[in-house]
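Okay, structure first, notes after.
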Amino acid sequence: CIVYSYYNRIHSIDEIDSIKNFCKKNNLKIISLGAPQKWIRNYYAVTPFELLKIFSLAEMVITDTFHGTIFASKYSKHFATLVRESNRNKLEDLISKLHIDGHLIYSFDELERAYAKGNEIERMNEIQIIAFNDACAYFTKNLKEN
C-alpha cells in the first residue's frame with residue numbers, strides 16, 4: 001500500500017490508525033513514496049520512472065494529492081483520494097472529470113469502501129486517448145491560425 005502525500009502531512013493519530021488498521025486487515029505492507037511520513041518505516045526515494053512502476057505494481061494507493069490521484073487512477077489496482085479543505089477544488093474537479101467518484105474519500109475511515117471499488121484502468125486509458133485527441137485538435141487548429 002503506497003501512501004503518497006506531502007512531507008508528514010498525514011500526522012494525526014486518528015488518520016494514522018485508520019490507515020494502519022485498513023492495511024493490517026487487508027494484509028498490505030505500507031510504504032511511502034514522494035515524501036516521507038514519520039510514522040512509515042519504509043520510505044523510498046525513487047526516480048520518476050521507478051515511481052510510476054511502483055504505482056503500477058501497487059495493490060492500493062492512498063493519497064491526498066493531485067499528482068498522486070493522476071498516478072493512481074492510471075496505474076494502480078485500487079486507490080483512495082482524500083479531499084482536504086486545502087485541496088477541495090482541484091481534487092473534486094479532477095475526480096469529476098475522470099469519473100472516479102467512487103475513489104473520493106473525506107475520511108480515512110472510508111478506505112474500505114474505496115478499496116472495494118477497484119480501478120477501471122481500461123476506462124482511464126479511453127479518457128486519456130480522448131484527451132490526447134482533443135489536445136492534438138486544439139494545437140492543430142491554433143497553429144494553423146497563427
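Count residues from 1 along the sequence.
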Transitive ILVMFWY side-chain link Ile62 to Leu104, under 4.5 Å: no

Close side-chain approach of Ile2 and Phe71, heavy atoms under 4.5 Å: no

Do the side chain of Asn87 and the main chain of Asp64 share a donor and acceptor less than 3.5 angstrom apart? yes

Flag the pair Asn26 / Met60 as yes when at least one side-chain heavy-atom distance between them is below 4.5 Å, and no otherwise. no

Is there a donor-acceptor contact under 3.5 Å from the side chain of Ser32 to the main chain of Ala35? yes

What's the shortest heavy-atom distance between Ser18 and Asp109, and which atoms? OG-OD1, 2.7 Å

Looking at side-chain heavy atoms only, is the closest gap between Lys25 and Glu112 below 4.5 Å? yes

Exactly one candidate in Ile31, Leu28, Leu111 meets side-chain contact (heavy atoms from CB on, under 4.5 Å) with Cys1; the answer is Leu28

Do Leu33 and Leu52 share a hydrophobic cluster, counting only Ile, Leu, Val, Met, Phe, Trp and Tyr and linking them when any side-chain heavy atoms are less than 4.5 Å apart? yes

Rounded to the nearest 0.5 Å, how far does CG of Leu51 lie from NE2 of His67? 11.0 Å

Shortest non-hydrogen contact from Cys23 toward Ile30: SG-CG1, 3.5 Å

Please give me the minimum heavy-atom distance between Phe79 and Ala114, naming the atom from each residue. O-CB, 3.8 Å

Same cluster for Phe66 and Ile10 if Ile/Leu/Val/Met/Phe/Trp/Tyr side chains link at under 4.5 Å? no

Do Val61 and Tyr75 pass the side-chain contact (heavy atoms from CB on, under 4.5 Å) test, and can you show the C-alpha distance, the side-chain angles, and the key distance before you say yes or no? CA-CA 10 Å; Val61 173; Tyr75 297 109; over 6 Å; no

Main-chain N/O of Lys53 paired to Ser56 side chain as donor or acceptor, under 3.5 Å: yes

Is a side-chain donor or acceptor of Asp93 paired with a backbone partner of Asn89 at a separation under 3.5 angstrom? no

Under the salt bridge (Lys or Arg N to Asp or Glu O under 4.0 Å) test, residues paired with Glu110 that sit two or more places apart: Arg113

Does a sphere of radius 6.0 Å around CG in Asn27 hold more than 12 heavy atoms from other residues, nucleotides or ligands, not counting ones at 6.0 Å or beyond? no

Interatomic distance, NZ@Lys29 vs CD@Glu59, rounded to 0.5 Å, equals 15.0 Å

For the hydrophobic clusters of this structure (ILVMFWY residues joined by side-chain heavy atoms under 4.5 Å, transitively), does one cluster hold both Ile40 and Tyr44? no

Salt-bridge criterion met for Arg88 and Glu85 (N-O under 4.0 Å): yes

Work out which heavy atom in Leu57 is nearest to a heavy atom in Lys77; give both atom names and the distance. O-NZ, 3.5 Å

For Thr81 and Ile100, what are the C-alpha separation, side-chain angles and deciding distance, and is it a side-chain contact (heavy atoms from CB on, under 4.5 Å)? CA-CA 10 Å; Thr81 297; Ile100 55 174; 5.8 Å; no

Can you tell me how far the CZ atom of Phe49 sits from the CD1 atom of Ile54, to the nearest 0.5 Å? 13.5 Å

His103 (side chain) donor-acceptor with Leu82 (main chain) under 3.5 angstrom: no

Would Ile95 and Glu92 count as a side-chain contact (heavy atoms from CB on, under 4.5 Å) here? Give the steps. CA-CA 5 Å; Ile95 287 168; Glu92 286 180 344; 5.8 Å; no

At their closest point, which heavy atom of Leu98 faces which heavy atom of Ser73, and how far apart are they? CD1-OG, 3.9 Å

Co-members of Tyr7 in a cluster of I, L, V, M, F, W and Y side chains, linked at under 4.5 Å: none

Show the nearest heavy-atom pair for residues Leu91 and Val83, with the distance to one decimal. CB-CG2, 4.1 Å

With rounding to the nearest 0.5 Å, note down the distance linking CD in Glu122 to CG in Asn125. 7.5 Å

Atom CE of Met124 and atom OG of Ser76: how far apart are they, to the nearest 0.5 Å? 12.0 Å

Below 30° counts as parallel, above 60° as perpendicular, anything between as tilted: where do the rings of Tyr115 and Phe22 land? perpendicular

From OG1 (Thr69) to OH (Tyr4), nearest 0.5 Å: 10.0 Å

Side-chain donor-acceptor pair present, Arg9, Ser86, cut-off under 3.5 Å: yes

